[in-house]
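Here the structure is laid out as structure tokens; the discussion comes afterwards.
The figures here come from the full heavy-atom set of this structure, side chains too, leaving out hydrogens, waters and symmetry mates. Protein chains get the first letters and strands the later ones, always in sequence-line order, with residue 1 at the start of each.
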There are 2 protein chains.
Amino acid sequence: MRYKITLSYDGTGFCGWQSQPNGESVQDSVEQAVYKLFGERSRVVGSGRTDAGVHALGQVAHFDCEKRLPLKNVTGGLNAYLPRAVRIVDAELADARFDARKSAKQKTYLYLMYAGAALPVLNDRVLFLPEMPNMQKLDAQAKKLIGTHDFATFMAAGGGAKTSVRTVYDAHFEQSGRFMRFYITANGFLYNMVRIIVAQLLKSERGEADIAELLEKRDRSFAKELAPACGLYLHDVVYGGGNE
Amino acid sequence: MRYKITLSYDGTGFCGWQSQPNGESVQDSVEQAVYKLFGERSRVVGSGRTDAGVHALGQVAHFDCEKRLPLKNVTGGLNAYLPRAVRIVDAELADARFDARKSAKQKTYLYLMYAGAALPVLNDRVLFLPEMPNMQKLDAQAKKLIGTHDFATFMAAGGGAKTSVRTVYDAHFEQSGRFMRFYITANGFLYNMVRIIVAQLLKSERGEADIAELLEKRDRSFAKELAPACGLYLHDVVYGGGNE
């Protein structure tokens, strides 16, 4: 049986999604929970990696097990074995052709910011900004990301992508009170792409950068800053019809 | 010099505001920071205790030190010595008659709830509810708290209050998306009062309790439940004119 799970996690204490020689990864936690629940060792394949400290609201993964358990028991059983920083929010049976990584059609990331004095309950969950930025300026710059572009400027080394061309379907800011949310939806993301973009958007708001110009450079040396991991959330992953 | 400080903290890792024989208190942390910054041992007096796991957005405290430091240095210096779960958001000089506990005229508490599937980044910060409650019902019940009443039903043993009569100036619910916020403002609060009230408000929404009837009982045995500490935030403390 191929199981498709949707999970939410607080990435603070993890070395990221992917198993690493040192540190506890979210993937390790889920694989251990699958082993305890099913009695079978299975590789848990995520839609993509998230870095250390990056959170997820709707990460998607798949794994194969011989045993067929009622889906309610998969959710409840895995949650019973998982640390509380990781929660399974949904479990489905998927077609054998479904692959959480390869079948992903689009992903949305959220970058969460808070303008104002330090608020310790938000530590490790937002990027704190000293002042409220100009939302119109930010949103206008964000809109320049939309479309099919070579995002080489916004790609860190080490991601192993074959091409740096991606299609951004949507990019916009929302504000509620002192919280600012940047949403970006694309058919795929390059290594550190959202964090590099956010750093440049904040510079652009201060008149120190322009997203359209940066896109044309196709060169990371023009966009060296990296926004902190703690503000980044993998929001959701969309697949094609029929779970394929 | 008497210093008045406003502070925000994540109460998760603390045994509460008040120094305890075992466990680390917020008060201990601040007293240690004061000692490191001023080189003087001083008692830090809070507006009131918060229990283990209860947070603060605007707790107020005072302390006396011989040394006069610029207020900016008090804020920055104390923050440099405090754990990141505690932040000084403001520092002022206060009149010698100002007492953070005795001079408090009113306080507002916030109780934060989230309706929906588990969201680990909100662990220890909200009360999770499986479903969105009826906000009209909740708000109508909350309104019954407003006025001068004997709140004995909503008082846990051990608080040492002389009277259980308090005046509630405001009590209301707000909703934004899946978050629900209960605000309650009074001239003072009894031990565990807000957490007992929240538990009964949630029962009243299900038709299992009525706030007006509970007030008339003046007996805690009719309201035994206690909402979890993690949803509770000391929002702010208001003092009279001239910092007295």
Side-chain angles (χ1 to χ4, degrees), chain A residues 5-14 26 29-30 50 53-59 72 75-76 78-80 82-91 110-112 114 116-126 128 130 174-179 181 228-236, chain B residues 5-14 26 29-30 50 53-59 72 75-76 78-80 82-91 110-112 114 116-126 128 130 174-179 181 228-236:
Chain A
I5 53 173
T6 304
L7 50 155
S8 178
Y9 47 84
D10 172 358
T12 309
F14 293 101
V26 180
S29 304
V30 182
T50 53
V54 173
H55 314 291
L57 303 175
Q59 169 71 293
K72 217 178 77 177
T75 304
L78 291 177
N79 279 335
L82 281 165
R84 61 198 285 265
V86 183
R87 292 291 92 182
I88 308 294
V89 291
D90 194 38
L110 158 66
Y111 197 91
L112 188 60
Y114 179 87
L119 202 52
V121 290
L122 297 178
N123 281 348
D124 302 320
R125 281 147 180 79
V126 302
F128 288 103
E174 291 180 10
Q175 188 194 341
S176 58
R178 292 173 171 275
F179 287 95
R181 294 188 293 262
C230 63
L232 187 60
Y233 294 73
L234 173 54
H235 188 276
D236 65 77
Chain B
I5 52 173
T6 304
L7 50 156
S8 177
Y9 47 83
D10 173 359
T12 309
F14 293 99
V26 181
S29 304
V30 181
T50 53
V54 173
H55 314 291
L57 303 175
Q59 169 71 291
K72 217 179 78 177
T75 304
L78 291 178
N79 280 335
L82 281 165
R84 61 198 284 266
V86 183
R87 292 291 93 183
I88 308 293
V89 291
D90 194 37
L110 158 65
Y111 198 92
L112 188 60
Y114 179 87
L119 202 52
V121 290
L122 297 177
N123 282 348
D124 301 319
R125 281 148 180 78
V126 301
F128 288 104
E174 291 180 11
Q175 187 193 342
S176 58
R178 291 171 172 277
F179 287 94
R181 295 187 293 261
C230 63
L232 187 60
Y233 294 73
L234 173 54
H235 188 275
D236 65 79

Item to check | Between B:G11, B:S8, B:P120, B:P83, the one whose heavy-atom pairs under 4.5 Å with chain A are most numerous | outcome: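 Among the listed options, the one with the most contacts to chain A is B:P120.
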
Is chain A contacted by the side chain of [X], its backbone, both, or neither, given a heavy-atom distance below 4.5 Å?
X: B:N79; value: neither
X: B:R125; value: side chain
X: B:A117; value: side chain

Checklist entry - In this structure, which one of B:V89, B:L57, B:D10 forms a side-chain contact (heavy atoms from CB on, under 4.5 Å) with A:L119? => result B:L57

Item to check | Closest non-hydrogen atom pair between B:V121 and A:Y9, with its separation | outcome: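 That would be CG1-O, 4.1 Å.
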
Next on the checklist: Could you work out, with side chain to side chain contact (heavy atoms under 4.5 Å, CB included) as the rule, every residue matching B:V126, not counting sequence neighbours?
Outcome noted: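 B:V126 satisfies side chain to side chain contact (heavy atoms under 4.5 Å, CB included) with B:L112, B:Y114, B:L122, B:F128, B:F179 once adjacent residues are dropped.
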
Item to check | B:N123 side chain vs A:R84 backbone, donor-acceptor pair below 3.5 Å | outcome: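 Confirmed, B:N123 side chain pairs with A:R84 backbone.
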
Next on the checklist: Less than 4.5 Å to any heavy atom of chain B: does that hold for the side chain of A:D90, its backbone, both, or neither?
Outcome noted: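 Contact with chain B is absent: no heavy atom of A:D90 under 4.5 Å.
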
